[in-house]
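Taking it in order: structure first as structure tokens, then the write-up.
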Amino acid sequence: MRPIINTVIEDSKSRLNGYVMLLNFKYNNLCVKAEGAALLGVDVRVDGTVMDLEKTATVMQPRDDQFLVIPNDPYLVEPIIKGIFEMHPEFKMEMKFLDEDIKDPSTRHMLYTMPEVNKDRRDLLVQAVDSLYDETKVQLELTANKDRINLINDLRGLPAEEIKEVEEAMDEAYNQYKDMAEKIHEEKVKEIEEGYERYLENHPEEQWEPAPRKSSPKPQPSASPSAAPSKGTQSSTPPEDEEEQSDYDVKKGFRMY
């Protein structure tokens, strides 16, 4: 294959790879586990200067669902807290001290725990990852088709065998990144389901949801006049219970980019 054609194909692969990496980045910010990539976008603002979190603190993971953030200097505590909250308001924060008995302010550091995956959050996360995956599939297909058409148009006049080789190479590239996106999606859904299973293990009372109540049947009119209710007597059916509404705030549950 001609070098110029290889260059065009590699450019197309780079664009396809960009969509897959963006999908993975967005998934990392829908936190079930403490993913280091979730903190990459945190801005720490100090006296008008914006710094990355990694330049202002040491970050560790005591558990797979926790970040321990140790500021490099005590004056950075509040700016770091604000920066992380702006990016991930769903994280649960605890203020810690080097010595919990003394509580010296100069030793303050923050422990962030990922929120539990209850049923509401599980449903929202699955809906979000499915939506992002569908969006990525469309972007991959549109990009691959556009690049393929443009390249084939530029190859007019070349032997049919060479054009076919180029088409096969373009199809191979598209299928490669489509499969990568599918695998990333499957792994994220599995992670969410495992988080929900852990939640149910810790909250066994929620494993069995009560069946919805049924309203009492309306009384049927009797064919016999003697069976009719006496004057002034009324027959009524209890109103159905209103469906319980979730107080989970979609907009505050997690942040999208």
Pairwise side-chain contact, E165 with I5, heavy-atom cut-off 4.5 Å (strictly under):
no

Count the heavy atoms of every other residue, nucleotide or ligand shown that sit under 6.0 Å from NZ of K183, and state whether that count exceeds 12.
no

Work out which heavy atom in V32 is nearest to a heavy atom in E191; give both atom names and the distance.
CB-OE2, 3.2 Å

Should F91 and M93 be regarded as members of a common hydrophobic cluster, given that ILVMFWY residues are connected when their side-chain heavy atoms come within less than 4.5 Å of each other, either directly or indirectly?
yes

Within this structure, what is the OH-OG distance for the pair Y177 and S14, rounded to the nearest 0.5 Å?
7.5 Å

Within one Ile-Leu-Val-Met-Phe-Trp-Tyr cluster: V189 and L22, side-chain cutoff 4.5 Å
no

Does the pair E86/R45 count as a salt bridge with the N-to-O cut at 4.0 Å?
yes

Closest heavy-atom pair, A57 versus V69, reported as atoms and distance to 0.1 Å, is CB-CG1, 3.8 Å

Which atoms form the tightest heavy-atom contact between R15 and T143, and what is the distance?
CB-CG2, 4.1 Å

Given Y27 and V129, is the side-chain contact (heavy atoms from CB on, under 4.5 Å) satisfied, shown in steps?
CA-CA 7 Å; Y27 279 0; V129 299; 3.6 Å; yes

Evaluation steps, side-chain contact (heavy atoms from CB on, under 4.5 Å), between L68 and V59
CA-CA 6 Å; L68 186 64; V59 179; over 6 Å; no

Those residues that, when tested against K178, pass salt bridge (charged side-chain N to carboxylate O under 4.0 Å, His left out) (two or more places apart):
none

Using a 4.5 Å cut-off on heavy atoms from C-beta on, say whether the side chain of V126 contacts that of R121.
no

Is there a path from V46 to M87 through hydrophobic residues (I, L, V, M, F, W, Y) whose side chains come within less than 4.5 Å of each other?
yes

Look at the side chain of H88 and the backbone N and O of A38, then say whether any donor-acceptor pair between them is shorter than 3.5 Å.
yes

Nearest-0.5 Å distance, CD of residue Q176 to CG of residue L140:
11.0 Å

K137 NZ: over 12 foreign heavy atoms closer than 6.0 Å:
yes

If every non-hydrogen atom of L16 is compared with every non-hydrogen atom of A144, which pair is closest and at what distance?
CD2-N, 4.2 Å

Among the clusters formed by ILVMFWY side chains lying less than 4.5 Å apart, do M95 and L53 turn up in the same one?
yes

Between I9 and the options E172, M170, R148, the side-chain contact (heavy atoms from CB on, under 4.5 Å) test singles out M170

Take F67 and Q61 through the test side-chain contact (heavy atoms from CB on, under 4.5 Å) and record every step on the way to the result.
CA-CA 5 Å; F67 289 120; Q61 287 185 249; 4.0 Å; yes

With a 3.5 Å cut-off and sequence neighbours excluded, list the donor-acceptor pairs that the side chains of residues 77-84 form with protein atoms.
residue: E78; atom: OE2; partner: R108; partner atom: NH1; Å: 3.1
residue: E78; atom: OE2; partner: R108; partner atom: NH2; Å: 3.4

Is the closest side-chain heavy-atom distance between V42 and L39 below 4.5 Å?
yes

Which atom names give the shortest non-hydrogen contact between K55 and N72, and what distance separates them?
O-ND2, 3.2 Å

For the side chain of E90 and the backbone of P115, is there at least one donor-acceptor N/O pair under 3.5 Å apart?
no

What's the spacing between L111 CG and M60 CE if we round to 0.5 Å?
10.0 Å

About how many Å separate CD of E182 and CG of N175, when rounded to the nearest 0.5 Å?
11.0 Å

Donor-acceptor pair, distance only, cut-off 3.5 Å: does the side chain of K188 make one with the backbone of L30?
yes

Side-chain ion pair, R198 and E201, N-O less than 4.0 Å:
no

For D104 and S106, which I'm curious about, is there any donor-acceptor pair between the side chains at under 3.5 Å?
yes

First locate atom CD1 of I192, then atom CD of Q127, and finally report the distance between them rounded to the nearest 0.5 Å.
11.0 Å

d(L125 CG, D130 CG) to nearest 0.5 Å is 11.0 Å

Listing request: all ring pair (Phe, Tyr, Trp, His ring centres under 6.0 Å) pairs with a residue in residues 124-161, at least two apart in sequence or in separate chains.
Y133-H185

Salt-bridge present (K190, E193; N to O < 4.0 Å):
no

Same apolar cluster: L142 and Y174, side chain cutoff 4.5 Å:
no

Taking all heavy atoms of A37 and all of F25, pick out the closest pair and write down the distance.
O-CE1, 3.7 Å

Side chains of M180 and M21: closer than 4.5 Å at any heavy-atom pair?
yes

Ion pair E94/K96, N-O distance below 4.0 Å
yes

Verify, without hydrogens or angle tests, whether N17 (side chain) and K13 (backbone) share a donor-acceptor contact under 3.5 angstrom.
no

